[in-house]
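A short write-up of the structure that comes next.
One-based numbering, in listed order, for ligands and for the atoms of each. Quick caveat, the model's predicted, so the values are computed rather than measured.
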Amino acid sequence: MTEISRRAFMSGLGTAGLLAAGGTEARGAQASLKASAEAKGLLYGAAIKSSQIQNDQPFMQAVTAECNIVVHEWELKRNPVQSEPGKLNFYLPDMVAAYARSNEKKLRGHTLVWYYDNPQWIVDGLKARNPDPALLTGYIDGACAHYRGRIHSWDVVNEGVEPAEGHPDGLRIQSPWYQAFGAEYIDIAFRAARAADPDALLFYCEYSVEMASAMNERRRTAVLKLLERLKSRNVPIDAFGIQGHLKPFVNRFDERKFARFVEEVQGLGLKIMVTELDVADRWGPNDIAKRDAQVGAVTRAFLDVTMASPAMLGVLTWGLSDKYSWLSSYPEYKWPDGQLSRGLPLDAQLVRKPMYTAIAEAFDARK
Ligand code: XIL
């Protein structure tokens, strides 16, 4: 038995979490998430960082074994690429792109336009009386040209709605992009991206569209309104990215409402993809086996809804191992005692957890 499979066995996951010695498949075990996805013509991948490529070989071996697509967790945001005016620095995101190319992984681009993580000089520029449209389109042209032909899909606009901000259609009006260019910034961004890289799929992405709360319901309404408006204006959008940051211990997953929402998105002629799946386990049971089981169960229920859709393209988790999860440091979701969040498929030692099995079985169950 390999060290990984021995530990999986010891942790009581049974055959579902096992790889037999020599890497052959144990009975009932999935060979890899990528194999389960590919058997259904789908993608499975994870968000990674260049520091992991440079420093963590075992982790990257797991990424290579499990994923057929990767996405930059951080390095392709405006702050890292454009820390200085007038320069585009793709040094770090290029490392992820080079890993993808040499390991035959598809690559997602995250993200061209976001209200968050913009350098101060851009935020200041957008506040000018006549903000320069190149702040929006110049960057899209540059980034799409740099990666032309190498990107499976671009997250063109990320998180453009926030019903709590009071706009009648639920748009995120405090976004510096909205404040500079009005609601049309979204249309402009998609048109620029299509012109700069005609082969990439173009995504609009949003979080909190799967839970029962009134706020999630308002977000679903706002997202549908936005997507309908974009389609009615022939804006070149191909897909909706369901981020999938699940928070089952603060907000119940609502299968019925989520399924209706997915159907409506699909009805607009858009593809769907789960682009940032993870599960905030803060406020879950202290007992780790119980908590892991509940994380697995909500993952399965959530993915089953997306797998039922013919528009489904695949799943990316926001990280692969608990060793690297933004949830462990994000103020709202980190554990106060400093323990790691357990919201990703592999634990910090790269051992498969029930969430791994849930993803694999959701792929396997797709018709
Ligand atoms: C997070 C990254 O995980 C962090 O490393 C970074 O510091 C902040 O952003 N929704 C998104 C992602 O679209 O870009 C966010 O990623 C997580 C929430």
Can you confirm whether the side chains of Q82 and N89 place a donor and an acceptor under 3.5 Å from each other?
no
Taking distance alone, no hydrogens or angles, what donor-acceptor pairs closer than 3.5 Å link side-chain atoms of residues 300-314 to residues at least two apart or in another chain?
residue, atom, partner, partner atom, Å
R300, NE, D304, OD1, 2.9
R300, NE, D304, OD2, 3.3
T306, OG1, L303, O, 2.7
S309, OG, Q266, OE1, 2.7
S309, OG, A311, N, 3.0

Co-members of V123 in a cluster of I, L, V, M, F, W and Y side chains, linked at under 4.5 Å:
none
May I have the N/O to N/O pairs between ligand 1 and the protein that fall below 3.5 Å, each with atom names and distance to one decimal?
residue, atom, partner, partner atom, Å
ligand 1, 3 (O), E73, OE2, 2.5
ligand 1, 3 (O), W318, NE1, 3.0
ligand 1, 5 (O), E73, OE2, 3.2
ligand 1, 9 (O), K77, NZ, 3.0
ligand 1, 10 (N), E159, OE2, 3.4
ligand 1, 10 (N), E276, OE1, 3.0
ligand 1, 13 (O), H110, NE2, 3.4
ligand 1, 13 (O), N158, ND2, 2.9
ligand 1, 13 (O), Q243, NE2, 3.4
ligand 1, 13 (O), E276, OE1, 3.2
ligand 1, 13 (O), E276, OE2, 2.8
ligand 1, 14 (O), K77, NZ, 2.7
ligand 1, 14 (O), H110, NE2, 2.7
ligand 1, 16 (O), K77, NZ, 3.2
ligand 1, 16 (O), W318, NE1, 3.1

Compile the donor-acceptor pairs under 3.5 Å between side chains in residues 129-143 and protein atoms, sequence neighbours left out, one pair per line.
residue, atom, partner, partner atom, Å
D132, OD1, A134, N, 2.9
T137, OG1, P133, O, 3.1

Do D278 and W326 pass the side-chain hydrogen bond (donor to acceptor under 3.5 Å, both in side chains) test, and can you show the C-alpha distance, the side-chain angles, and the key distance before you say yes or no?
CA-CA 10 Å; D278 59 16; W326 74 302; 2.7 Å; yes
Carboxylate-amine/guanidinium contact E84 K87, below 4.0 Å
yes
